[in-house]
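I have placed the structure first, in the form of structure tokens, so that the comments after it can refer back to it.
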Amino acid sequence: MNDSSEYQIELNSESEMVSFGQRLGVACEGDATLFLRGNLGMGKTTLCRGVLQAHGHSGAVKSPTYTLVEPYELPTTLIYHFDLYRLADPEELEYLGIRDYFSEPAIRLIEWPDQGAGELPEPDLALQIERNDEGRIVVCEAKSLTGRQILNRLRGNSVEDISGAQYSG
């Protein structure tokens, strides 16, 4: 199996971004921290919606721009969705109790992680989303053993392989 620390995919629609997020969600087992980078409107929250759907969430997913974090207690795991876009100072994360979010197994999806530089631990997987004509290119870089394991599972999961797992119930 390919053990490269980087994975890249081209996505041409919102539905493809959601589908990729679902595949990524299935590939994340239990405890992982993902940094999502990209300009406004690149699809970070759309990708997060797919990850949440892979674990049983069926409601709306809004970026927690003002609350900074939205917890989701799902049947398969706990997911924290962070949006640090409006964070004025990384030290504000201490007031939020940031360490508590890393003290138990969970999937942590962190949009705009650079706003929390110095207060956030290293991610397992760093995703960069860039415009590609009308579509997007997502580059995933593993930053830990867990990140490499996620990429290896992601490479082995085609949409057909996981369709039953993500839509059951």
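One-based numbering along the sequence shown.
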Separation between CD1 (Ile79) and CD (Glu70), nearest 0.5 Å, reads 12.0 Å

inquiry  = With heavy-atom distances below 4.5 Å as the criterion, would you say the side chains of Leu24 and Ile150 are in contact?
reply    = yes

Q.
Quick test of your reading of the model: are Glu111 and Arg37 salt-bridged, counting only N-O distances below 4.0 Å?
A. no

For Thr46, the side chain to side chain contact (heavy atoms under 4.5 Å, CB included) test, sequence neighbours excluded, returns Glu14, Met17, Val18, Arg49

CD1 (Ile9) and CG (Leu154) are apart, to the nearest 0.5 Å, by 7.0 Å

When rounded to the nearest 0.5 Å, the distance separating CD1 of Ile110 from CZ of Phe35 is 5.0 Å

So the ring pair (Phe, Tyr, Trp, His ring centres under 6.0 Å) pairs with at least one residue in residues 101-139 (sequence neighbours excluded) are Tyr80-Tyr101, Phe82-Tyr101, Tyr85-Trp112

Hits for side chain to side chain donor-acceptor pair (under 3.5 Å) against Asp124, two or more places apart or cross-chain, chain-then-number order -> Ser144

- Would a 4.5 Å heavy-atom cut-off, applied to side chains only, mark Gln8 and Val138 as touching? no

>> Donor-acceptor check, side chain of Lys44 to backbone of Gly38, threshold 3.5 angstrom: yes or no?
In response: yes

| message | Any heavy-atom pair between the side chains of Asp100 and Ile98 that's under 4.5 Å? | response | no

Nearest heavy-atom approach of Gly116 to Leu93 is CA-CD1, 3.7 Å

ask   = Under a 4.5 Å cut-off applied to non-hydrogen side-chain atoms, are Cys28 and Val51 in contact?
value = no

Task: Joint cluster assignment, Leu68 & Leu120, ILVMFWY side-chain distance < 4.5 Å - done: yes

Cluster overlap Leu47 with Leu151, hydrophobic side-chain contacts below 4.5 Å:
yes

d(Tyr72 OH, Ile107 CD1) to nearest 0.5 Å is 13.0 Å

query: Do Leu96 and Val69 have side chains that get closer than 4.5 Å, going by heavy atoms?
result: yes

Rounded to the nearest 0.5 Å, the CG atom of Leu125 sits from the CD atom of Gln149 at a distance of 12.0 Å

* **Residue pair Glu10 / Arg136, side-chain heavy-atom distance below 4.5 Å** => no

Can you confirm whether Glu91 sits close enough to Glu119 that some side-chain heavy atom of one is under 4.5 Å from a side-chain heavy atom of the other?
yes

Looking at Gln115 and Leu87, would you say the former's side chain and the latter's main chain have a donor-acceptor pair under 3.5 Å?
yes

Here the pair of heavy atoms bringing Asp31 nearest to Thr146 is O-CG2, 3.6 Å

In terms of heavy-atom contacts, Ala142 and Gly147 come closest through CB-C, 3.5 Å

TODO: Go through the side-chain N and O atoms of Arg108 and Thr33 and say whether any donor and acceptor fall under 3.5 Å apart.
DONE: yes

Q) Does Leu36 reach the side chain of Pro113, with side-chain heavy atoms less than 4.5 Å apart? A) no

Test item: Ser19 side-chain N/O and Glu16 main-chain N/O as donor-acceptor pair under 3.5 Å:
no

| said: Test your reading of the model: is there a side-chain donor-acceptor pair from His55 to the backbone of Pro75, 3.5 Å cut-off? | reply: no

request  = I would like to know whether His81 and Thr45 meet side chain to side chain contact (heavy atoms under 4.5 Å, CB included); could you show each step before the answer?
outcome  = CA-CA 9 Å; His81 179 197; Thr45 301; 4.1 Å; yes

Rounded to the nearest 0.5 angstrom, the SG-NZ distance for Cys48 and Lys62 is 15.0 Å

